[in-house]
Amino acid sequence: MTPQLRAEKSAAAMWTIDTASQSLGMRIDHISPGEADLSMEITPVMLNGHGIANGGYIFTLADSAFAFACNSYNQLAVAQQNQISYLAPGKSGERLLATAREQSKTGRSGVYDVTVTGEDGRIIALFRGLSRTIKGQHFEEEMTP
């Protein structure tokens with residue numbers, strides 16, 4: 001199986017049970033080994049008391065992109081640590097894009113950077129996620145060492 005097909009099958013298996021991402025209207029725009037792009041429209045129910053996107057929704061979008069990127073090898077991976085810096089507000093009706101890219105993958109640990117951008121290209125947030133693989137696969141496949 002090619003690495004790209006493995007990433008696509010892993011994402012499809014995860015997506016079927018990821019009700020959190022689905023319920024927020026996220027979509028997977030790109031998936032490949034160690035990479036994932038997810039987007040989400042900021043709806044009125046996602047606005048805070050300042051009339052801008054609540055940071056928790058931005059974090060959730062970034063976290064979902066991180067999850068799909070670090071799970072693209074058909075090995076179950078979970079978050080070990082995440083951090084986010086908010087740089088600009090998300091606006092109502094705007095589609096945000098979270099671009100996750102693997103920076104390092106050694107043994108069971110991975111480091112992923114996610115950039116969340118607005119429709120005009122401005123950077124909304126920078127997120128770094130540390131992953132840890134655990135036992136299990138997204139779909140049945142014999143793994144080679």
| field | With Glu35 via salt bridge (charged side-chain N to carboxylate O under 4.0 Å, His left out) - residues at least two apart | value | Arg101
| task | Provide the full list of ring pair (Phe, Tyr, Trp, His ring centres under 6.0 Å) pairs with a residue in residues 18-62, sequence neighbours left out, each pair given once. | result | Phe59-Phe127
| query | Going by the ring pair (Phe, Tyr, Trp, His ring centres under 6.0 Å) test, which pairs reach into residues 87-125, not counting sequence neighbours? | reply | Phe66-Tyr112
| Okay, side chain of Asn74, backbone of His138: is any donor-acceptor separation there less than 3.5 Å? | yes
| field | Test side-chain contact (heavy atoms from CB on, under 4.5 Å) applied to Leu126 - qualifying residues, sequence neighbours left out | value | Leu87, Thr115, Ile123
| query | Is there a donor-acceptor pair closer than 3.5 Å between any side-chain N or O of Asn71 and the backbone N or O of Ala77? | reply | yes
| Under the 4.5 Å side-chain heavy-atom rule for ILVMFWY, direct or indirect, which residues accompany Leu97? | none
| message | Test question: given the 4.5 Å side-chain rule for I, L, V, M, F, W and Y, name all other residues clustered with Ile134, or answer none. | response | Leu76, Val78
| query | Which residues satisfy the salt bridge (charged side-chain N to carboxylate O under 4.0 Å, His left out) test with Asp63, sequence neighbours excluded? | reply | none
| said: Tell me which pairs pass salt bridge (charged side-chain N to carboxylate O under 4.0 Å, His left out) where either residue lies in residues 8-21, with sequence neighbours left out. | reply: none
| field | Nonpolar side-chain network containing Val111, other nodes, edges under 4.5 Å | value | Leu130
| Side-chain heavy-atom pair Gln4, Pro33 within 4.5 angstrom cut-off | yes
| Are the side chain of Ser72 and the backbone of Ala69 linked by a donor-acceptor contact shorter than 3.5 Å? | yes
| Residues two or more places apart in sequence or in another chain: which of them pass salt bridge (charged side-chain N to carboxylate O under 4.0 Å, His left out) with Glu94? | Arg122
| task | May I ask whether Tyr73 and Trp15 are part of the same hydrophobic cluster, defined by side-chain heavy atoms of I, L, V, M, F, W, Y residues being less than 4.5 angstrom apart, directly or through others? | result | yes
| request: Using the test salt bridge (charged side-chain N to carboxylate O under 4.0 Å, His left out), find all partners of Asp29 that sit at least two apart in sequence or belong to another chain. | output: Arg27
| task | Hey, could you give me each pair passing salt bridge (charged side-chain N to carboxylate O under 4.0 Å, His left out) that has a residue in residues 104-114? Not counting sequence neighbours. | result | Asp113-Arg128
